[in-house]
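A quick note: this is a predicted structure, and the numbers were derived from the prediction, not measured.
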Amino acid sequence: MNHNAERLRASPPPDTGAAARPSVSAGDCGLLLIRIVFGLVMAGHGAQKLFGIFGGMGLTDTAKGFEALGYHPGKVYAVIGGLSEFLGGLGLALGLFTPLAAAAVIGVMINAMVTVAAAHGLWAPEGLEYNMSIAAAALAIAAIGPGRLSLDRPFPWGKGGWLEAGVALGLGGVAAAIVLAL
């Protein structure tokens, strides 16, 4: 059992012997891949909303879409949603302020699930599965920690854990609830 637990660790335990050298595990590289893919996809969605790049509508048209969903004033909510996706995605990709980045992504995904996706079911092209997957990946990254190949590595929250996962889920959920209640 202890052998299996050691094999599943994202980073090998520090060597207490002679000169310790940094070692990057397959888990570290896998976690980096997940962070980059999910983080940059989210940052790209935010850039579509904010800047109109990558085939996006830009802020003015995104604001009209938010108004149609019942978010008033639409431009304020378009900026909040776009910045949450853009900065949260970049934070996940870089492994920077990971619990806060995950909270931003989780909050915007909860809003998307409630206001758009839930009406289409789980598997429809506009269904819940995309938003659930993004939110779950963000929460998992906060719980596991961003890994050895991250900017958060030297900080206490860079190791992940229950507290970091709770902060990400709690802040994301509270932010989503506030936005949905307004």
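Under the 4.5 Å side-chain criterion, counting only non-hydrogen atoms from C-beta, K49 is in contact with E85. At a threshold of 4.5 Å between non-hydrogen side-chain atoms, the residues C29 and V24 count as touching. At a threshold of 4.5 Å between non-hydrogen side-chain atoms, the residues M132 and L122 count as touching. Residues W123 and L128 fail the side-chain proximity criterion, which asks for heavy atoms closer than 4.5 Å. Within the 4.5 Å cutoff, side-chain heavy atoms of T115 are placed close to those of L180. The shortest distance between side-chain heavy atoms of K64 and K75 does not fall below 4.5 Å. In this structure, the side chains of L90 and M42 stay at 4.5 Å or more apart for every pair of heavy atoms. The shortest side-chain heavy-atom distance between F155 and F97 does not fall under the 4.5 Å cut-off.
Not a single donor-acceptor pair under 3.5 Å links the side chain of E164 to the backbone N or O of P99. Although no hydrogens or angles enter the test, the distance criterion places a donor-acceptor pair under 3.5 Å between the side chain of K159 and the main chain of R153. Side-chain atoms of E67 come within 3.5 Å of backbone N or O of G74 as a donor-acceptor pair. At least one donor-acceptor pair closer than 3.5 Å links the side chain of D28 to the backbone N or O of S25. With hydrogens and angles ignored, the 3.5 Å screen pairs a side-chain donor or acceptor of R35 with a backbone N or O of L149.
For the 3.5 Å distance criterion, the side chains of Y71 and N111 qualify, holding a donor opposite an acceptor.
Under the 4.5 Å side-chain heavy-atom criterion for grouping Ile, Leu, Val, Met, Phe, Trp and Tyr, V41 is connected to V105 within one hydrophobic cluster. W157 and L151 end up in the same hydrophobic cluster when Ile, Leu, Val, Met, Phe, Trp and Tyr side chains are linked at under 4.5 Å. I141 is not connected to L94 by any chain of hydrophobic side-chain contacts under 4.5 Å among Ile, Leu, Val, Met, Phe, Trp and Tyr, and they are in different clusters. Note on W162 and L171: separate hydrophobic clusters, where clusters join Ile, Leu, Val, Met, Phe, Trp and Tyr whose side-chain heavy atoms are under 4.5 Å apart, directly or indirectly. Note: the hydrophobic cluster containing F66 also contains V114 (ILVMFWY, side chain heavy atoms under 4.5 Å, direct or indirect links).
Here the closest heavy-atom approach between residue A101 and residue G88 is recorded as CB-O, 3.4 Å. A pairwise comparison of heavy atoms in A138 and I106 identifies CB-CG1, 4.0 Å as the closest pair. Nearest heavy atom pair, residue A176 against residue I110, reads CB-CG2, 3.6 Å. Across all their heavy atoms, L31 and G145 have their closest contact at CD2-O, 3.0 Å. Closest approach of A102 to L92, counting heavy atoms only: N-CD2, 4.0 Å. A pairwise comparison of heavy atoms in Y130 and H45 identifies OH-NE2, 3.0 Å as the closest pair.
Rounded to the nearest 0.5 Å, atoms OG1 (T98) and CG (D152) are 3.5 Å apart. Distance CG/L96 to CG/L87: 10.5 Å, rounded to 0.5 Å.
Proximity of the aromatic rings of F86 and F51 is defined here by a centroid distance below 6.0 angstrom, and this criterion is met.
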